[in-house]
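These figures come from a predicted structure and were not determined experimentally.
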Amino acid sequence: MDLVLNVADSYVLSPYVYPASWPEDGALRQILSLLVLTNLGAAVLYLGLGVVNYLLIFDHELMKHPQFLENQVQREIKYAMSSLPLISIPTVALFFAEIRGFSKLYDNVDDSPLGWPGLFLSMISFLLFTDMCIYWIHRILHHKLIYKVSAILSFFIRVSNQNHFLLLRSPRQLFHKPHHLWKIPSPFASHAFHPVDGFMQGLPYHIYPFLFPLHKVLYLALYVFVNVWTISIHDGDYRVPGALTGAINGSAHHTDHHLFFDYNYGQYFTLWDRLGGSYRHPSALLGKGPHDLIRKLRAEGKLGEARATAEGKVNADAGRRAARKEE
């Protein structure tokens, strides 16, 4: 992250933002700069890549599915954009540790014990390590004791008028459950997580360079790739080369995770799902996926009726939740 910070300091922050008396290596200045850059970068990657995918790749026919919610895209964007600033707070702490020299990031290929082959090996190990970690984090987040737990330590702040203190508590903010509101996700569901959920699933990417050597430029490239991939597995484009269907966790696999809950927890590969007994061959590749249901309902003349029924169920559930909250 220091590469990005150095560019920002040279061309924007030092000339136009901070006074000359504030040194570039000052801790407070670095933290403030990282907060701005992290939030700006996250928003640009999420919205920029999301819009491109939504316009060019996402199959808008999926929006006719009975489980695609009314105003879902707007709701996904709103949820993501409210969570990203909160996710950035602990993320910046890790970025700050990186630029202070506590990680194993390096500048030059010569600094790698294995040279250029080391770059390739670190890229492969990054994918394997993060895929393994995310699988287990994701699976733990699905455990019944955590999936519906109140986020007592969430980042939402409520002011108690009675005792005049800040209470870090949000009684009914659930960790992973909000992400499963989107049964038929759009690209914008990719980052629509509860802040705790989003940070936990992103944590392996940030931990890796503290454990293993990694080139700084490659780290940034992998960071962008992770965002592209996260969006791609939510875009409804179920095409995967036939030989890789059983190995790559693509959009078809992840859509089944949203639909059937207990399957396909992996990020890039199906390895850990197979080892953990949670692999499910994509229903979309068996003629039983979302597009197939849409075609069936259209042929039967029931497409609009099915959507109305699904929306009614969602609204009824929302009403019950609101009533419990008022109680």
Expected list for residues 110-119: side-chain donor-acceptor pairs under 3.5 angstrom, two or more places apart:
residue : atom : partner : partner atom : Å
Asp111  : OD2  : Asn108  : N            : 3.3
Ser112  : OG   : Leu114  : N            : 3.3
Ser112  : OG   : Gly115  : N            : 3.4

Atom pairs and distances, donor-acceptor, side-chain atoms in residues 87-101, under 3.5 Å, two or more places apart:
residue : atom : partner : partner atom : Å
Ser88   : OG   : Asn39   : ND2          : 3.0
Ser88   : OG   : Pro85   : O            : 2.6
Thr91   : OG1  : Ile87   : O            : 2.8
Glu98   : OE2  : Tyr219  : OH           : 3.0
Arg100  : NE   : Gln30   : OE1          : 3.1
Arg100  : NH2  : Asp25   : O            : 2.9
Arg100  : NH2  : Gln30   : OE1          : 3.0

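At a threshold of 4.5 Å between non-hydrogen side-chain atoms, the residues Arg29 and Leu32 do not count as touching. At a threshold of 4.5 Å between non-hydrogen side-chain atoms, the residues Pro290 and Phe68 do not count as touching. Under the 4.5 Å side-chain criterion, counting only non-hydrogen atoms from C-beta, Lys216 is not in contact with Tyr106.
Interatomic distance, Lys104 NZ to Ser122 OG, rounded to the nearest 0.5 Å: 13.0 Å. Rounded to the nearest 0.5 Å, atoms CD1 (Ile294) and CD1 (Ile184) are 7.5 Å apart. To the nearest 0.5 Å, the span separating NZ on Lys296 from CD on Glu300 amounts to 5.5 Å. Between the SG atom in Cys133 and the CE atom in Met200 there is a gap of 10.5 Å [rounded to 0.5 Å]. Remark: Asp256 CG to Phe261 CZ distance equals 14.5 Å, nearest 0.5 Å. Expressed to the nearest 0.5 Å, how far CG of Leu293 lies from CG of Leu297 amounts to 4.5 Å.
Proximity of a side-chain donor or acceptor of Asn264 to a complementary backbone N or O of Arg280 within less than 3.5 Å is detected. Put simply, the side chain of Ser251 gets close to the backbone of Gly236: a donor and an acceptor are under 3.5 Å apart. Formation of a donor-acceptor pair under 3.5 Å by the Ser82 side chain with backbone atoms of Tyr79 is found in this model. In this structure, Arg75 contributes its side chain and Trp182 its backbone to no donor-acceptor pair below 3.5 Å. With Thr130 contributing its side chain and Pro204 its backbone, the two residues share no donor-acceptor pair below 3.5 Å. Although no hydrogens or angles enter the test, the distance criterion places a donor-acceptor pair under 3.5 Å between the side chain of Ser190 and the main chain of Pro187. The backbone N or O of His281 sits nowhere less than 3.5 Å from a side-chain atom of His253 that would complete a donor-acceptor pair. Without hydrogens or angle criteria, Trp229 side chain to Gln267 main chain gives a donor-acceptor distance under 3.5 Å.
In this structure, Phe120 places its CZ atom where only 12 or fewer heavy-atom neighbours from other residues, nucleotides or ligands lie under 6.0 Å away. Open room surrounds OH on Tyr263; 12 or fewer heavy atoms of other groups in view lie less than 6.0 Å from it.
Every ring pair (Phe, Tyr, Trp, His ring centres under 6.0 Å) that His258 has, sequence neighbours left out, goes to His179, His180, His234, His254. With sequence neighbours left out, the ring pair (Phe, Tyr, Trp, His ring centres under 6.0 Å) criterion links Phe210 to no other residue. Among residues two or more places apart in sequence or in another chain, the side-chain contact (heavy atoms from CB on, under 4.5 Å) test is passed with Ala42 by Leu84. Partners of Phe212 by ring pair (Phe, Tyr, Trp, His ring centres under 6.0 Å), not counting sequence neighbours, listed by chain and number: Phe129, Tyr208. Partners of Ile77 by side-chain contact (heavy atoms from CB on, under 4.5 Å), not counting sequence neighbours, listed by chain and number: Tyr46, Leu47, Val73, Met81, Phe188. Residues passing the side chain to side chain donor-acceptor pair (under 3.5 Å) test with Asn53 are Asp235, sequence neighbours excluded. By the salt bridge (Lys or Arg N to Asp or Glu O under 4.0 Å) test, Asp59 is found to be paired with no residue, residues two or more places apart in sequence or in another chain being considered.
The hydrophobic clustering, which links ILVMFWY residues whose side-chain heavy atoms are closer than 4.5 Å, places Leu285 and Leu259 apart. In this structure, Leu220 is a member of the same hydrophobic cluster as Leu218, with clusters built from ILVMFWY side-chain heavy atoms closer than 4.5 Å. Side-chain heavy atoms closer than 4.5 Å link hydrophobic residues (I, L, V, M, F, W, Y) into clusters, and following such links, even through other members, never connects Tyr279 to Trp272. Note on Met132: it clusters hydrophobically with Met123, by side-chain heavy-atom contacts below 4.5 Å among ILVMFWY residues. By the criterion of side-chain heavy atoms lying less than 4.5 angstrom apart, applied directly or through intervening Ile, Leu, Val, Met, Phe, Trp or Tyr residues, Leu62 is not grouped with Leu286; the two fall into different hydrophobic clusters.
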Practice prompt. Could you walk me through whether Tyr268 and Ile233 pass the side-chain contact (heavy atoms from CB on, under 4.5 Å) test, one step at a time?
Written response: CA-CA 9 Å; Tyr268 314 113; Ile233 61 175; over 6 Å; no
Item to complete: List the steps and the verdict of side-chain contact (heavy atoms from CB on, under 4.5 Å) for Tyr205 and Ile134.
Response: CA-CA 9 Å; Tyr205 307 127; Ile134 291 171; 3.0 Å; yes
Item to complete: Walk me through it: do His206 and Tyr223 pass the test side-chain contact (heavy atoms from CB on, under 4.5 Å)?
Response: CA-CA 9 Å; His206 304 294; Tyr223 185 77; 4.1 Å; yes
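Across all non-hydrogen atoms, the minimal contact from Arg295 to Asp292 is NH2-OD1, 2.8 Å. When all heavy atoms of Ser83 and Pro195 are compared, the pair lying nearest together is OG-CD, 3.7 Å. Between Ala252 and Ala284 the shortest heavy-atom distance is CB-CB, 4.4 Å. For the residue pair Gly246 and Thr270, the shortest heavy atom distance occurs at O-OG1, 2.5 Å. The two residues Ser33 and Leu5 come nearest to each other via the heavy atoms CB-CD1, 3.5 Å.
Pairs engaging residues 236-250 under the side-chain hydrogen bond (donor to acceptor under 3.5 Å, both in side chains) rule: Asp237-Arg239 [sequence neighbours left out]. Screening residues 2-22 for ring pair (Phe, Tyr, Trp, His ring centres under 6.0 Å), with sequence neighbours left out, gives Tyr18-Trp22.
Through direct or indirect side-chain contacts shorter than 4.5 Å among Ile, Leu, Val, Met, Phe, Trp and Tyr, Val44 is connected to Leu40.
Under the 3.5 Å distance criterion, with hydrogens and angles disregarded, a donor-acceptor pair is assigned to the side chains of Glu76 and Ser186. Arg139 and Tyr135 form a side-chain donor-acceptor contact under 3.5 Å, judged by distance and modelled atom types alone. In this structure, a donor-acceptor pair under 3.5 Å is present between the side chains of Glu24 and Ser14.
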